[in-house]
Amino acid sequence: MPATAATTATVRSAAAQSGAGGRSPRPGVTLGSDFLQLDIADAPPGGRTAWLADRLRSAIADGRLPVGTRLPASRVLAEELRVTRGVVTEAYRRLSESGQIAGRGRGGTVVVAAPARPAPPTAPSASDRPASPSSPAAGQRAFRPRTPRTPDAFFTASPHRDGLVDALRGLPCRIDLSPGVPDLAAFPRTAWLRAERAVLAAATPADFGYGSPQGAPALRRAVVGWLARNRGIRADPDEVVVVAGVAQALGLLAQLLRADGIDRVAVEDPGSLGARQQLEYGGHTTVPVPVDAGGLDVDALRACGARAVLMTPAHQFPTGVVLDGERRRELLRWAAGGGVVIEDDYDAEHRYDRPPVPALRSLLPDGVCYAGSVSKLLAPALRVGWLLVPPHLRDALVTAKRYADLGNGVLTQLVLARLMDSGELERHLRHVRRRHRKRRDVMLRAVEAHLPGARVHGAAAGLHLMVTFADGPGSRVPDTALAAAALDRGVKAHPLSWHRLTPGPPGLVLGYAAGAAHEIEEGIALIGETLATLPTAT
């Protein structure tokens with residue numbers, strides 16, 4: 001179905017507005033580097049080399065780049081920053097002359113010296129102390145899986161029903177445009193097998209035991225390095241608790257917050273249905289707070305009276321907006337007054353046309369519970385993530401993790417740690433970014449061609465697009481009816497209303513990372529054909 005001129009304008013406008021800081025990104029170019037959250041726009045004119053050298057020195061001095069850290073190849077960093085390779089090699093040379101880094105041939109450029117820092121005081125880990133049995137969280141609800149038999153009944157069921165997203169995941173289809181899944185075909189099997197062989201060759205008998213509920217020390221150290229390099233977070237390995245993905249992190253936090261007297265949690269609206277249900281299953285009441293072009297409305301958060309908030313500030317699900325600078329400052333003031341921020345660092349690594357955004361945890365460690373995982377970076381099947389909480393919650397968190405499952409599988413943790421330490425994970429990220437960007441571009445063109453009146457949101461980053469229908473036939477059809485009819489034709493997608501707590505324009509949430517280009521094109525075309533056949537609401 002050909003697109004109207006208005007469709008073309010709205011799609012192109014949405015993609016352009018997805019960039020940060022008012023700049024107009026060039027198509028297909030990633031702005032800035034995840035490494036140390038470097039943004040070349042911060043460099044003074046004519047002073048890029050000195051700026052980069054200073055940033056590296058600071059990171060070495062404050063511990064974000066500890067001794068032994070391998071720096072990105074000069075070619076890779078120059079490409080990400082959109083500078084000549086000479087800028088990076090000269091910055092590296094200056095640090096090499098001062099004795100802070102050294103070239104190791106095929107081993108890359110490595111940090112070899114840093115200013116001495118006093119060691120932090122040590123305290124016995126919660127995993128080393130006996131813990132008293134804990135009772136289930138009050139108000140915890142029984143799981144009630146119910147799967148309607150037809151697509152129409154399935155999509156028109158209450159979006160608050162337990163297990164809805166999981167049930168949809170299990171329904172057969174020909175083209176799956178569900179959000180939240182990376183390019184699983186790109187999983188680095190060779191690198192994983194190589195790391196696994198190395199781990200098994202070096203494993204001691206103790207490595208085959210239960211391990212610590214808090215997580216293998218090797219992975220906790222690797223996660224600290226990863227967060228310092230890519231998310232601007234300074235942490236100690238003792239602050240990290242390894243969990244079975246962000247889903248378990250939210251379940252554990254639900255227990256901790258209830259024990260702390262918090263039973264109402266504010267959530268973004270629209271926001272992730274699955275994440276919201278994790279909190280509700282733990283006995284919490286979720287309170288909607290609107291999201292606009294600047295991210296979560298902090299004034300509305302204050303007004304709702306909730307003492308905790310769950311949010312996705314780096315790439316809001318599903319709108320794709322980034323929490324802007326003023327909202328971040330307001331949120332940090334709210335947290336400094338006693339509020340608890342649960343930061344789901346959703347899709348933070350997957351960005352294409354905007355600079356990196358530092359994690360909230362890097363700005364207020366004592367007020368932010370930070371959750372991340374490799375589900376969107378490697379594969380959900382690994383069930384590995386990490387959770388950092390304020391100091392007063394840490395012991396209770398480790399105790400809750402112990403009673404949940406005694407800890408994640410140790411061997412998987414050791415393999416992942418090796419991938420992180422060797423630089424393989426960064427290489428994989430660069431590889432899938434290129435694949436994801438191409439598929440995003442295919443979906444943008446398909447939406448422009450086949451969905452009249454569509455407006456695209458969140459094109460600058462992530463693994464999905466949010467499409468809303470402000471006018472045209474899509475604005476007069478319930479999005480649940482559109483999703484049901486599309487599934488009848490073999491195409492699976494999320495209706496936007498599933499992820500809302502309050503009414504809003506109809507739309508779809510469309511994942512593009514996991515499908516081949518021709519499947520994306522065909523799937524959007526089938527949705528467009530489906531839309532043209534549906535009766536409009538009166």
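Side-chain atoms of Phe469 and Val477, non-hydrogen and from C-beta on, never get closer than 4.5 Å to each other. Proximity of Arg500 to Asp269: side-chain heavy atoms (C-beta onward) are separated by under 4.5 Å at one or more points. Inter-residue side-chain proximity for Glu426 and Trp226 is flagged as met; some heavy-atom pair is nearer than 4.5 Å. A heavy-atom distance below 4.5 Å is found between the side chains of Leu331 and Met311. In this structure, Met466 and Gln316 have side chains that are not in contact, with every pair of non-hydrogen atoms separated by 4.5 Å or more. Asp236 places none of its side-chain heavy atoms less than 4.5 Å from the side chain of Val224. Within the 4.5 Å cutoff, no side-chain heavy atoms of His464 are placed close to those of Leu510. The side-chain heavy atoms of Tyr346 and Leu463, taken from C-beta on, include no pair separated by under 4.5 Å.
In this structure, the separation between CG on Leu465 and CG on Leu444 is 5.5 Å, given to the nearest 0.5 Å. The distance from atom CG of Leu387 to atom CZ of Arg394, rounded to the nearest 0.5 Å, is 10.5 Å. Note that CG of Asn408 is 11.5 Å distant from CH2 of Trp386, once rounded to the nearest 0.5 Å. Interatomic distance, Ile342 CD1 to Leu360 CG, rounded to the nearest 0.5 Å: 12.5 Å. Within the model, atoms NE2 of His436 and CG of Asp441 stand 13.0 Å from one another, a figure rounded to the nearest 0.5 Å. To the nearest 0.5 Å, atoms CG (Leu378) and CG (Leu425) are separated by 5.0 Å.
Closest approach of Arg231 to Val357, counting heavy atoms only: NH1-O, 2.8 Å. Among all heavy-atom pairs drawn from Ala348 and Ala314, the shortest one is CB-CB, 4.0 Å. Closest approach of Val340 and Cys369 over heavy atoms only: CG1-SG, 4.0 Å. Nearest approach of Arg276 to Gly271, heavy atoms of both residues: NH1-O, 4.0 Å. Contact record, Ala379 with Phe187: CB-CD1, 4.0 Å, taken as the closest heavy-atom pair. Counting all heavy atoms, side chain and backbone alike, Ala247 lies closest to Gln278 at O-OE1, 3.4 Å.
Judged by distance alone, the side chain of Thr468 and the main-chain N or O of Pro505 form no donor-acceptor pair under 3.5 Å. Here the side chain of Arg328 pairs a donor or acceptor atom with the backbone of Leu323 at under 3.5 angstrom. A distance-only check finds no donor-acceptor pair linking the side chain of Lys376 to the backbone of His350 [under 3.5 Å]. Under a 3.5 Å cut-off, the side chain of His315 and the backbone N or O of Asp347 do not form any donor-acceptor pair.
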Exercise for the section: Evaluate side chain to side chain contact (heavy atoms under 4.5 Å, CB included) for Glu349 paired with Asn230, printing each intermediate quantity in order. Expected result: CA-CA 8 Å; Glu349 305 93 347; Asn230 295 287; over 6 Å; no

Practice task
Go through the steps for His499 and His494 under the test side chain to side chain donor-acceptor pair (under 3.5 Å), then give the verdict.
Solution key: CA-CA 9 Å; His499 301 284; His494 281 201; 3.1 Å; yes

Problem - side chain to side chain contact (heavy atoms under 4.5 Å, CB included) between Val309 and Trp334, worked out - result: CA-CA 11 Å; Val309 60; Trp334 174 83; 3.7 Å; yes

Handout entry: side chain to side chain contact (heavy atoms under 4.5 Å, CB included) between Leu419 and His428, intermediate numbers included
Key = CA-CA 10 Å; Leu419 289 180; His428 175 70; over 6 Å; no

Exercise for the section: Report the C-alpha distance between Gln214 and Leu397 in whole Å, list the side-chain angles of each, state the deciding distance to 0.1 Å, and finish with yes or no for side chain to side chain contact (heavy atoms under 4.5 Å, CB included). Expected result: CA-CA 9 Å; Gln214 188 170 351; Leu397 172 61; over 6 Å; no

Problem - Audit row: Glu521, His450, side chain to side chain donor-acceptor pair (under 3.5 Å) steps and yes/no - result: CA-CA 9 Å; Glu521 168 68 31; His450 300 293; 2.8 Å; yes

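Tested against Val267, the residues Val289, Val291, Leu279 include a single side-chain contact (heavy atoms from CB on, under 4.5 Å) partner, Leu279. With respect to Arg327, the salt bridge (charged side-chain N to carboxylate O under 4.0 Å, His left out) criterion is satisfied by exactly one of Asp292, Asp299, Asp297: Asp292.
With respect to Arg333 and Glu326, a salt bridge is recorded, a charged nitrogen being found less than 4.0 Å from a carboxylate O. Using a 4.0 Å cut-off between charged side-chain N and carboxylate O, Arg220 and Asp238 make a salt bridge. Ion pairing between Asp345 and Arg361 fails under the 4.0 Å rule for side-chain N and carboxylate O. A salt bridge links Lys401 with Asp405: the distance from a Lys NZ or Arg NE/NH1/NH2 to an Asp or Glu carboxylate oxygen falls below 4.0 Å. Between Asp183 and Lys438 there is no salt bridge, since no side-chain nitrogen of the basic residue lies less than 4.0 Å from a carboxylate oxygen of the acidic one.
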